[in-house]
Each structure stands twice: as C-alpha cells, then as structure tokens.
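Step one of this worksheet: look at the structure below.
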2 protein chains.
Amino acid sequence: MPSDNTAESSSDQTLGQLAYDRIRLDILKGQFRPGSPLRLQALKDRYGFSFSPLREALNRLQSEQLVVSYAARGFRVTKISTTEMWDAIETRILIDCEAFRRSIRTGDDDWEGRVMGSLHKLSVCFERNLKLGHAATEEQTTQLEDRHRAFHGALISASGSNWMTVFSTQLYNQTQRYRWPYFTTEGGNIFLKQSYLAEHKQIAALAVARREDEAVAMMAKGFRRTGEIIESLLNGEDEVARGT
Amino acid sequence: MPSDNTAESSSDQTLGQLAYDRIRLDILKGQFRPGSPLRLQALKDRYGFSFSPLREALNRLQSEQLVVSYAARGFRVTKISTTEMWDAIETRILIDCEAFRRSIRTGDDDWEGRVMGSLHKLSVCFERNLKLGHAATEEQTTQLEDRHRAFHGALISASGSNWMTVFSTQLYNQTQRYRWPYFTTEGGNIFLKQSYLAEHKQIAALAVARREDEAVAMMAKGFRRTGEIIESLLNGEDEVARGT
DNA sequence: AAATCTGGAACTTTCGAAAATATTCCCGAG
DNA sequence: CTCGGGAATATTTTCGAAAGTTCCAGATTT
C-alpha cells in the first residue's frame, strides 16, 4: 500500500535520516514522555542504530525544538504546557493564515486540485473513522494524521514562500504532540467529531471560491477551537498541567 | 573586552557547540561562498575539530536552512538569490511586526530599558563608524552587527512568544548573509548611512511612546528599504543574480 | 565520435572504543 | 541525623579508523 505523505522516497537514505524520521515520529506520538531524557544506550537498544546516527538525529531535532540538549548531559524531549501550546497555535495562525491568503490570491488550477484532492482523501479516511464510532487503530490514526497534515499543507501550498512553509511544518509538528495522546479518548479525538470534517470541507470550499477573509477566519477559528479542546483535557491531568 | 551578545556563556561548551558557532558565523559572514561544498576534511583543517563535532554542527545548521545536505554527498552552503532574500524579508516582517506590536502593548519598564539601552550601545558604535567615513575593520563591523542584532532583539523581547523569537532569529541570520558582503563597499554599507541610524532612533522613540502603528510601519519600511539596497547591488553581480 | 564500462581516488557515513563529564552511593565527621 | 568527600558507576562526547558511496578519468566498445 503506497504511502500518503510526500516523502522524497529516494531509496538511498542514510541511517541518520532514518533515525531522525523515527525518533521524530515517536516524539510526535508521545512514545517518549515530554521532559524525559533520551539516553543514547536506550535509543540504540530501541532502534538498533549506533551512536553517530542517533546523535545526528538528535541534533537536528534540537534545532526544531522537539528536543533540548544540555552540555555533556545529553538530550531530553521538550516539555509541553498549555502556554507553550498556545504560543505554537497563535504563531501558526499568524503564519498559516498569511500563507493561506496568498495561496487564495495567487493559487492556480493545480493548487485547487491539490486542495480538493487532499480534502477528498481526508474525507474518505475520516468517514471510515466516524462510522467506526470509536477510537481507531494506531495505523488508521496515523493515516488520518498524515492526510490531515497533507490537507493543511495543500491549503498553503501556493503561498510562494519557502520560509512560511518551513515554519508551518515545524509548528504543525508541535501541535501534533498535543493532539496525539487524546486520539484514544472519546471526547478528545477531533477525528471523531462530525463538525471537524464539515469545517474542513467548508474551508476548502471557501478557498476555491476565493472568499479570502471568510476562509482565513474559519481556519483561525478552527485552530483555536482545537486548542480549547486540548486545554480542557490537559487541565484534567496533573503531570502536564503544572508544566514547569 | 566583554562580549555584547547574550550568549549563555557557561564555560562548559562542547566542541560541537563551538563548531556550530564558528561555522555559522563564517557562513553569515560569507567566508564560504553560497552553494559551495563544505568538505569535512577542509573544515577539520580549518577549525581543528574532528569529524564528529563538525557533523554535529552541520546537522544543526541544516535544520536552520543555512546548509543543505545530500545523502552520502555531504553538505553545501545554501544558495542565495533575490527571491530567497525577499522571502526571508517579507516573512520577517510578518513575524517581527507582530512580535513588536505585542511588545509595545505589553512591554514594561524593563522592556523600555532594554530598548533604549541597546539603542544607545548601537548609536555609540554607529557614530564611531560614521566618523570614520569609510568601511570599518572586520572587528568593528562585527560589533556593529552584534549590537544591531541585539537592538532588534530588544524591540520584540516582550512579545511573550518563544516561537516568534526563534523564527525571528533564524530570519535575521538569513538576512545577515546578504548584508555582510557589502560592508566593505561605500554604497552598500548601511552602517555608513546617517539615515539608517536616525530611523532606528525613531523606531525606539515611537516604541516607548506606544505609538504602535507608526512604530510597526516604520520597522517594516526599514526592512524593505534595506532589501532594495541589497537588491540593487546584487543585480550588479553575475554569479548571484541568476541564482537558480 | 558517442556511449558504456571499470578501477581507483576522494569523500561521506558509520562503528566501536577511549576520553571526558556527570551522577550515585557510601562512609565518616560534625 | 545531616552534611560534605570521594570513589565507583553511568552517560555523554570525541576520536580514528573501517565501510560504503560517489566521482572522475581513461580505456573499450558501438
């Protein structure tokens, strides 16, 4: 079954690349608790890579703020907290909305195609999940996340700005960290909410209709609403709520 | 002579840290031509670090878009071009202006102090440079750049957003790459233009006067004008103008 | 002459161990 | 009992060499 994401797919990846991909995914999925140390020996045992590629991966993740390092004391998963989450969300609104605006203004047929195409793939997946009525398997959730990411990528893919794309991706990664732990719960799984899919359909419709302000406003609202859902769930937990 | 920047200064840096700092600085100063390969042996000879710390540094720089890597073919300095420059400038305007706005709205006495203090240090340096009337030494230019960076950092230092700060720094680095090569030329050295200092003084004045819109507008205008100066100089050169 | 092999040099990437640095734990002094 | 001191242990960081790729030039074939 062919993969969904737009990976570069060249068969010649270095081990460092692979290690980077796998560790990043595991952090995004919360396999390592935020704030916990990433010991090299443990990573070696887990993935089978040796020190060099692991170090390579960790250094890159450090620049992307998924990992922090302390001189001679190794690496840790970056902590999470509601203030950190809101910072990521509000900054993403700043970036994505501007990139979205530009795309709506200058996007051509190809862009519209990407938007509607990725929306369709998201919908298919989404409805399968809705029909299930409960938390899906890990693999299904992964696919849903991938397609959700692809859809948001498509929306801003005609911005013409490389930097906005890079930053958007980085912030998407951050927010995914907050979403993922709740995909197993009823109330927290946004992919189980009918309204969430409807909202995305409407954003796409407004986009191709070139109704810029409405589209952008709806996107921003969606980001904030997701934040509120997560926040209410986070407040129910001890460990994270008082994130130092 | 104590350093100007707000480095963490702890005496215990790893070699990887050091290598990262030095290579980054050399890229920003154009010591390596954009697009040129960064061979490990050459870097080892130049800095005296061995492969591991060098690799560490290069991987981090890759995440910050200062170098690109090709699997099993090593690292290169990322290319420059006018379109890349304008993307960095416009994205920086988006980020910095929002962060500036927030700082003006919520900044306290400490923030005002940082703004006026860093402005003063910049002015002193600037005027010494102006008095010289010609291109300064490398060391003087470095100090000027450091203080210029510190001033812009101070302006947005009360934004409350970690992400905006991170992105702003990254974009500042990019734009510095374009400025630096022209510090040795009469027409291109912005630090030799009286108006450039006056503008910065005015931005600071408007900021502490909480005249938000005017301050932000002037900042954006300044960024764009610098871009135009660089662009006109770049067009005079072959190699860079047709950046693929 | 154009295109395709092939061998070796130049580099990059990876490994495993040595060196350097932090952390833990135990013990004795106050 | 509490508080350092200091060896023993755990971990990170760095090194140099081995393994694996790419690149290039020259020979060989179409």
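Owing to the predicted nature of the structure, the values given are computational and were not obtained by experimental measurement. Chain letters run A, B, ... following the sequence lines, proteins first and then strands; every chain starts at 1.
Counting to the nearest Å, the P atom of C/dT23 and the CZ atom of A/R39 are 10 Å from each other. A straight line from OH of A/Y47 to C1' of C/dT14 spans 19 Å, rounded to a whole angstrom. To the nearest angstrom, P of D/dT14 lies 11 Å from CD of B/Q13. Between the NZ atom of A/K44 and the C1' atom of D/dA10 there is a distance of 15 Å, rounded to whole Å. One atom, CG of B/L54, and another, P of C/dC11, lie 15 Å apart when rounded to the nearest Å. The nearest whole Å value for the distance from the CG atom in B/N59 to the P atom in C/dT12 is 13 Å. Rounded to whole Å, the distance from CG on B/L40 to P on D/dT22 is 16 Å. In this structure, CD of B/Q41 is placed 21 Å from P of D/dT21, rounded to the nearest angstrom.
Comparing A/L15 and A/F51 by the nucleotide of DNA chain C that holds the closest heavy atom to each, the one mapping nearer the 5' end is A/L15. Each of A/F49 and A/A72 was matched to the nucleotide of DNA chain C holding its nearest heavy atom; the match closer to the 5' end belongs to A/F49.
Counting any heavy atom pair closer than 4.0 Å across all strands shown, B/F75 reaches sugar-phosphate atoms only and no base atom.
The cationic atom of B/R92 (NZ for Lys, CZ for Arg) lies less than 6.0 Å from the six-membered ring centre of B/F223 and within 45° of the ring axis.
Looking at A/E64 and A/Y20, their side chains do bring a donor and an acceptor atom within 3.5 Å of each other. B/Q170 and A/W163 share no side-chain donor-acceptor pair at under 3.5 Å.
Candidate nucleotides C/dA22, C/dC11, D/dG16 were compared by shortest atom distance to the side chain of A/R73, and C/dA22 ranks first. With C/dT14, C/dC15, C/dT12 as the candidates, the nucleotide lying closest to the side chain of A/S50 is C/dC15. Comparing C/dT14, C/dT12, D/dC15 by their closest approach to the side chain of A/T14 singles out C/dT14.
Sorted by first and then second residue, the salt bridge (Lys or Arg N to Asp or Glu O under 4.0 Å) pairs involving residues 36-50 of chain A (not counting sequence neighbours) are A/D26-A/R46.
Look at B/E145 and B/R179 and you find a salt bridge, because one of the NZ, NE, NH1 or NH2 atoms lies within 4.0 Å of a carboxylate O, short of that distance.
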